[in-house]
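Lettering of chains follows the sequences in order, A, B, ..., and the numbering in each one begins at 1.
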Protein chains: 2
Amino acid sequence: MGVSLKDVAQRAGVSIKTVSNVVNNYPHVTPQMRARVQQAIDELGYRPNLTARHLRKGRTGIIAFAVPELGNPYFAELAGAVIDAAAAHDYTVLVDHTAGLRERELLVSQEFRSHVIDGLILSPIHLENEDLLARQETSPLVLLGEREYEAPYDQIAIDNVAAARTAVRHLLDLGRRRIAFLGSRTSRERQPAHLRLRGWREELAAAGLEPDESLVVATDGYGRGDGAAAMAALLDRGERPDAVFAYNDLIALGAMRTLVERGLDVPRDIAVVGFDDIDESRYGAVTLTTVSPDKAAIARLAVDRIVERLGGGQVSQPQRIRPGYRLIVRESTRTGRTGP
Amino acid sequence: MGVSLKDVAQRAGVSIKTVSNVVNNYPHVTPQMRARVQQAIDELGYRPNLTARHLRKGRTGIIAFAVPELGNPYFAELAGAVIDAAAAHDYTVLVDHTAGLRERELLVSQEFRSHVIDGLILSPIHLENEDLLARQETSPLVLLGEREYEAPYDQIAIDNVAAARTAVRHLLDLGRRRIAFLGSRTSRERQPAHLRLRGWREELAAAGLEPDESLVVATDGYGRGDGAAAMAALLDRGERPDAVFAYNDLIALGAMRTLVERGLDVPRDIAVVGFDDIDESRYGAVTLTTVSPDKAAIARLAVDRIVERLGGGQVSQPQRIRPGYRLIVRESTRTGRTGP
């Protein structure tokens with residue numbers, strides 16, 4: 001470090017103002033001049049002070065990304081994608097942790113730290129619609145995740161019902177009929193698992209099967225331990241599904257550990273499908289079939305919406321945006337055998 | 001939200017000033033008064049505006065935690081511990097991502113965003129000693145991780161050599177003799193893996209064995225894919241270790257996937273020990289024996305040093321602090337059989 005605009009100007013044989021114009025991407029700089037300054041920048045390893053640039057515009061250059069669980073690789077991987085997407089706009093990312101608590105979600109979406117952040121990407125769990133409608137803060141807010149709100153904010157989420165139906169369809173195509181759902185939340189209808197559970201019900205019904213609610217297991221959280229406990233609870237009450245569709249990969253991976261302990265084979269005895277496509281799902285003793293949301297697209301769309309709203313130009317209406325997803329078939333459902 | 005100091009004062013029947021004194025933990029408040037105000041706070045669900053409190057002291061109330069890899073669960077789990085430790089001091093945490101690049105590490109340790117953060121906890125990979133000596137910024141900095149610097153900053157890391165020796169000792173005690181090390185970096189002596197590799201060498205030597213450098217495999221990164229590739233490379237060149245000590249859990253888990261694909265049994269054919277004790281290591285088809293650094297202690301010590309230095313009172317000299325660790329034995333080394 002320690003290379004200044006002045007050093008670059010001297011090396012390029014131009015004025016400091018010219019270097020500044022190039023660095024700030026101002027117009028009215030000839031391509032020749034731009035190339036000459038860029039060469040000096042490259043040779044000296046100069047890095048513009050982005051913070052100062054943002055500050056001049058009355059911005060901090062920081063976007064907050066608030067996630068319910070940093071320990072969940074899905075959010076860690078998504079955070080990596082958000083950091084990359086933000087860097088493309090010279091923004092850095094403050095990763096915040098809400099623990100999925102309404103109180104914390106409310107705090108980050110309200111005035112909290114507005115002196116520090118220019119915009120917020122929030123993946124809420126318990127935030128209520130009324131909380132959003134009551135929001136005073138005017139900085140850009142983009143919502144991610146499965147909860148759907150009737151509030152004037154951009155919402156970015158894959159079609160969770162359709163994605164869940166794709167996963168269940170895959171299991172039906174393998175001949176499986178007793179398909180358990182692990183990771184519901186029985187207490188509240190608008191919980192995150194709601195849409196994926198609906199997809200499970202709809203696809204079974206579409207296949208002419210009665211959704212068997214005794215194969216639905218609620219969990220306290222979304223971790224490996226929750227999945228292991230849910231699978232054990234299901235087996236302990238005498239249920240023997242031939243397939244499991246889990247709310248997420250961590251629950252699926254925990255369930256697979258329980259199946260190992262009970263001497264059951266995946267996929268022969270029980271096929272398993274997860275959701276999220278975390279890196280870990282590719283490396284177990286039995287790799288995991290999973291629904292893979294397009295994390296890069298989610299991150300890019302979210303950052304683009306924030307940057308657009310900060311830009312001050314023509315701003316589009318808040319939208320519901322549906323990034324893509326795909327089912328990735330791995331060993332946990334790769335079987336020649338069909339079910340009963 | 002929406003509950004003010006005034007509301008609390010009215011409920012408690014005291015002055016706003018008294019409530020403020022309690023909230024800010026000022027002395028000269030009687031225990032009786034404190035209890036009375038606290039009861040009103042609890043009843044109303046009042047939350048003090050921490051940001052404003054910090055701002056009054058010329059602080060932002062934010063500590064940055066800069067990690068090389070957010071996608072590595074070790075750092076995600078450590079970040080969770082840092083967030084908890086910081087919350088105990090009314091600090092929030094900005095998680096920053098350096099990708100292990102010297103340039104980024106330099107940037108976060110220098111002036112970058114000093115208008116926003118009060119202190120920095122940095123886990124460097126490629127930062128050089130000279131970078132630290134040249135640091136102009138005066139905000140508190142605490143260094144984590146295996147690199148040891150000769151610079152006036154607090155450094156917090158477990159004794160990596162001793163921890164690695166413990167892991168190798170465990171494998172020797174099982175009768176294993178051909179113990180591979182996965183995850184070295186051959187190019188530079190001061191790389192993170194250096195200390196753990198030294199522990200591997202020292203413990204083998206102490207057992208009267210010649211460290212077999214053909215069983216040391218360098219990796220490009222520290223992920224599952226790197227471990228899978230390293231294990232495959234070792235087997236492909238005809239080496240057949242009876243145990244693997246991996247630089248971290250992700251490399252160990254990747255290596256175990258390769259062993260499954262090659263039809264080798266863990267632990268019978270090859271016992272495996274990792275390092276970090278990430279949650280995932282408890283849920284595979286074969287659970288992973290690993291060195292478990294005391295993440296909660298690391299986080300608490302780091303935050304305490306920052307807060308002490310921000311406090312403005314008597315400040316202790318920069319120290320090297322060694323938190324504890326322990327070996328957690330799981331299925332990947334649980335075998336009655338002894339080696340050759």
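Screening Asp96(B), Val93(B), Leu70(B) for a side-chain contact (heavy atoms from CB on, under 4.5 Å) involving Val95(A) leaves a single residue, Leu70(B).
The candidate from Gly80(A), Ala134(A), Gly225(A) with the greatest count of non-hydrogen atom pairs under 4.5 Å with chain B is Gly225(A). Taking chain B as the reference chain and counting heavy-atom pairs below 4.5 Å, the highest number among Val260(A), Asp279(A), Leu259(A) is found for Asp279(A). Interface summary for chain B: among Pro73(A), Ala285(A), Ala76(A), Gly223(A), the most heavy-atom pairs under 4.5 angstrom belong to Ala285(A). The candidate from Val286(A), Thr287(A), Asp131(A) with the greatest count of non-hydrogen atom pairs under 4.5 Å with chain B is Thr287(A).
Heavy-atom contacts from other residues, nucleotides or ligands closer than 6.0 Å to CG of Asp220(A) number 12 or fewer.
Contacts of Thr258(A) with chain B are absent, with no heavy-atom separation under 4.5 Å from either backbone or side chain. Residue contact with chain B, scored on non-hydrogen atoms closer than 4.5 Å, is absent for Val266(A). For chain B, the nearby part of Ile83(A) is the side chain; its heavy atoms alone come within less than 4.5 Å. Neither the backbone nor the side chain of Gln136(A) has a heavy atom closer than 4.5 Å to any heavy atom of chain B.
Side-chain contact between Leu253(A) and Glu280(B) is absent, with no heavy atoms from C-beta onward closer than 4.5 Å.
With values rounded to the nearest 0.5 angstrom, Ile62(B) atom CD1 is found 7.5 Å from Ile62(A) atom CD1.
Scanning both residues, Tyr283(B) and Gly254(A), for their nearest heavy atoms gives CD2-CA, 4.3 Å.
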